[in-house]
Engineer: 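One structure follows; several queries about it will come next.
Both counts, for ligands and for their atoms, begin at 1 and track the order of listing.
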Amino acid sequence: MIHAEAKQMTAVKQLGYLVFEVSDVSAWDAFGTKILGLERVDVRGDAGFSLRMDGYHQRFFIEHGPADDLSAIGWEVEGPAELAAFARRLEEAGHEVVHGSPEQAARRNVRALISVDDPAGNRNEIFYGPKRPSEPFVSKVVRSGFVADDQGFGHVVVASQDDEEHEAFYATLFGLKLSDYIRCEYFGHKINVTFMHANARHHSLAFGGGQLKRIHHFMVQVKSIDEVGMCYDRFLFSGGMVHQTLGRHPNDKMFSFYGYTPSGFHFEFGSGAIEIGDNWQSTTHGKVSEWGHHPPQLLTKAYRRSKDASAEND
Ligand SMILES: [Fe+2]
């Protein structure tokens, strides 16, 4: 009975927001609004701004600073009783919990929040009562809109030091459930990533191995495949650098591409992912993608070969 109650009270509902510390605020303004199609809200001068994508007031906090990295992951719980139970559970497990001040909660547009670091030092903020405007969100760029709201804004992939410890932390203390693993080689790199879910979205969090930054990438999902193609075009014509070409993942079935954000870490822009239920069976996949998601250098090589061949024929 105690176990069932604790499990119910401590599970997070969804991935609520990300906080980025960025060195070039104006580049992030153009990227967030013109490429991703999000709405800029709460402009704080040179200090940053926030980005809206659905019925929540904001999903991204863009804050000026030198790190060019993720500074916090925001997780939503149901209400004050759940937040208190969450804090108790984390403290009983020996983790240092910081209880946010009313001013800190107001800065995040939530009723209250606490924060705790995961085993790799990634800061998590757990909150309840997010601000939700009465007027609907309408993107001027992504006309069909984003898949977000009850599924959270998307997903985030972060560094971990000990994958088993990391998985146990999020399973036993956050109530995340295992989705699956991907273990394979990708163009000479060893891939070992763990995927976990909080709701019908296949994964809200994934992690694995050492990385150059805390974050590897975040993902936003749109409602049509054409919107992915149109973002791909916007990104290419803006001079953006593609990290992985269009492709489809084997686990969440996301059709997507990856590019570099103005901070050097990656974003994924996708559509068409599956939704999962309580009877989900986790598995291990032996490839990153069913097709595509190649490094763009492959295209460059093919282009050079074709230029060389046509020069020989001249
Ligand atoms: Fe992803």
Side-chain angles (χ1 to χ4, degrees), residues 14-18 20 31 35-36 38 53 59-60 69-70 73 75 120 122 146-148 151-160 163 166-167 170 176-184 186-187 189-209 211-223 225 227-229 231-232 235 240-261 263-276 280 282-296:
Q14 62 155 276
L15 184 52
Y17 59 75
L18 295 180
F20 295 140
F31 170 70
I35 305 299
L36 298 182
L38 308 179
M53 70 183 300
R59 292 299 198 167
F60 298 93
D69 205 348
L70 177 72
I73 306 171
W75 297 95
N122 302 309
F146 294 87
V147 178
Q151 288 192 31
F153 79 80
H155 68 237
V156 63
V157 180
V158 297
S160 64
D163 289 349
H166 217 83
E167 182 183 332
Y170 283 104
L176 294 186
K177 297 188 179 89
L178 178 66
S179 304
D180 40 45
Y181 305 103
I182 292 183
R183 290 177 177 150
C184 63
Y186 175 81
F187 291 93
H189 296 282
K190 199 170 174 200
I191 304 289
N192 191 349
V193 182
T194 304
F195 299 82
M196 303 187 82
H197 62 275
N199 49 52
R201 187 182 290 287
H202 173 274
H203 59 278
S204 293
L205 175 72
F207 49 84
Q211 293 163 22
L212 295 175
K213 293 176 182 277
R214 290 193 178 285
I215 183 172
H216 179 268
H217 73 268
F218 68 91
M219 188 283 309
V220 295
Q221 182 179 349
V222 288
K223 292 178 180 169
I225 279 176
E227 296 282 14
V228 179
C231 180
Y232 197 63
F235 189 58
M241 190 156 67
V242 170
H243 174 59
Q244 289 178 251
T245 57
L246 290 161
R248 193 181 292 276
H249 287 301
N251 54 351
D252 62 357
K253 305 292 180 190
M254 190 76 78
F255 168 81
S256 61
F257 76 95
Y258 293 71
Y260 285 82
T261 68
S263 289
F265 56 81
H266 309 131
F267 73 98
E268 180 183 7
F269 199 93
S271 185
I274 56 167
E275 294 181 6
I276 64 175
W280 177 255
S282 59
T283 186
T284 300
H285 296 273
K287 56 188 176 185
V288 170
S289 303
E290 290 180 346
W291 59 268
H293 290 146
H294 301 309

Engineer: Just say parallel, tilted or perpendicular for the rings of F267 and F218, cut-offs at 30° and 60°.
Structural biologist: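 Geometry flag for F218 against F267: tilted rings.
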Engineer: Which word best sums up how the rings of F265 and F20 line up, parallel for under 30°, tilted for 30 to 60°, or perpendicular for over 60°?
Structural biologist: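 Geometry flag for F20 against F265: tilted rings.
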Engineer: By residue and atom, what protein N/O/S atoms are less than 2.8 Å from the Fe ion (ligand 1)?
Structural biologist: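 Listed by chain and number, the atoms are H155 NE2, H217 NE2, E268 OE1.
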Engineer: So among D180, I182, N251, which one has a side-chain contact (heavy atoms from CB on, under 4.5 Å) with T283?
Structural biologist: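 The single option meeting the side-chain contact (heavy atoms from CB on, under 4.5 Å) with T283 is D180.
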Engineer: Return the orientation label for the Y170 and W75 ring planes: parallel under 30°, perpendicular over 60°, tilted otherwise.
Structural biologist: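 Ring orientation, 0 to 90° scale: tilted.
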Engineer: State which residues pass side-chain contact (heavy atoms from CB on, under 4.5 Å) with W291; sequence neighbours excluded, sorted by chain then number.
Structural biologist: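 side-chain contact (heavy atoms from CB on, under 4.5 Å) list for W291, sorted by chain: R248, F255.
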Engineer: Hey, what's the ring geometry for Y258 with H216, parallel, tilted or perpendicular (30° and 60° as the breaks)?
Structural biologist: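 Correct class here is perpendicular.
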